[in-house]
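Worksheet for the structure shown next.
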Amino acid sequence: MNVSIETETLICGLLIAFLASAALGAVLKKYVAFLPQATPTARSLHDKPIPRVAALMLWGGWLAGFGWIGVSGEVSLTGTMQRAMFFAFFGWAVVALVSFWDDCRSVPARWRLLAHGVAALAFVIGWIGLWAGMRLPVCGLALTYENISGFQAVLWWGYFAALLLSIVWMTNLFNFMDGSDG
């Protein structure tokens with residue numbers, strides 16, 4: 001499956017993302033006194049309290065730009081791709097909600113890690129479903145529904161586990177670094 005997006009639509013999406021992020025930034029800056037603050041700790045990279053919800057600007061812009069591209073009518077997704085996108089969006093929503101809750105009220109590390117695991121599992125399930133329904137080259141092998149069953153079970157589950165763990169690790173690493181600098 002090839003997904004192509006016209007340059008004008010992509011530029012419009014990027015512009016809308018930028019403008020939405022800037023608008024959210026202006027609103028958040030106006031109400032900075034009411035936002036949760038990150039107070040400096042031993043592992044912080046800042047030395048005075050700073051607002052903790054800057055990711056709202058990024059995610060708001062991303063959703064606005066991505067939404068524009070989605071409603072433009074240029075991208076038509078098959079049922080398999082829609083399911084994969086649903087799982088990826090579900091995983092993103094879990095991480096975003098837990099991260100926002102952590103910004104407002106502290107969430108214990110075990111619950112954040114569980115959320116990262118759920119998000120990674122959703123993404124991997126969607127990705128495997130996508131592979132099962134499409135013909136994608138993977139390491140020189142065209143992986144289709146017919147030849148997934150030909151994979152040795154150990155190889156398949158090893159790949160599944162490695163992908164799952166790497167996503168959880170990178171999400172947790174990013175969450176740690178974001179937490180260290182507020």
With rounding to the nearest 0.5 Å, note down the distance linking [atom1] in [X] to [atom2] in [Y].
X	Y	atom1	atom2	value
L35	L56	CG	CG	8.5 Å
R112	D102	CZ	CG	4.5 Å
I16	L63	CD1	CG	13.0 Å
I11	T7	CD1	OG1	6.0 Å
F100	R105	CZ	CZ	10.5 Å

For the backbone of [Y] and the side chain of [X], can you confirm whether one donor and one acceptor N or O come within less than 3.5 Å of each other?
X	Y	answer
S72	I69	yes
T171	H116	no
Q37	V32	yes
S166	L163	yes

When you compare the side chain of V118 with that of F123, does any pair of heavy atoms fall below 4.5 Å?
no

Is the closest side-chain heavy-atom distance between V98 and W111 below 4.5 Å?
no

Can you pull the ring-ring contact (aromatic ring centres under 6.0 Å, His included) pairs that have at least one residue in residues 48-68, sequence neighbours excluded?
W59-W62, W59-W92, W62-F66, W62-W92

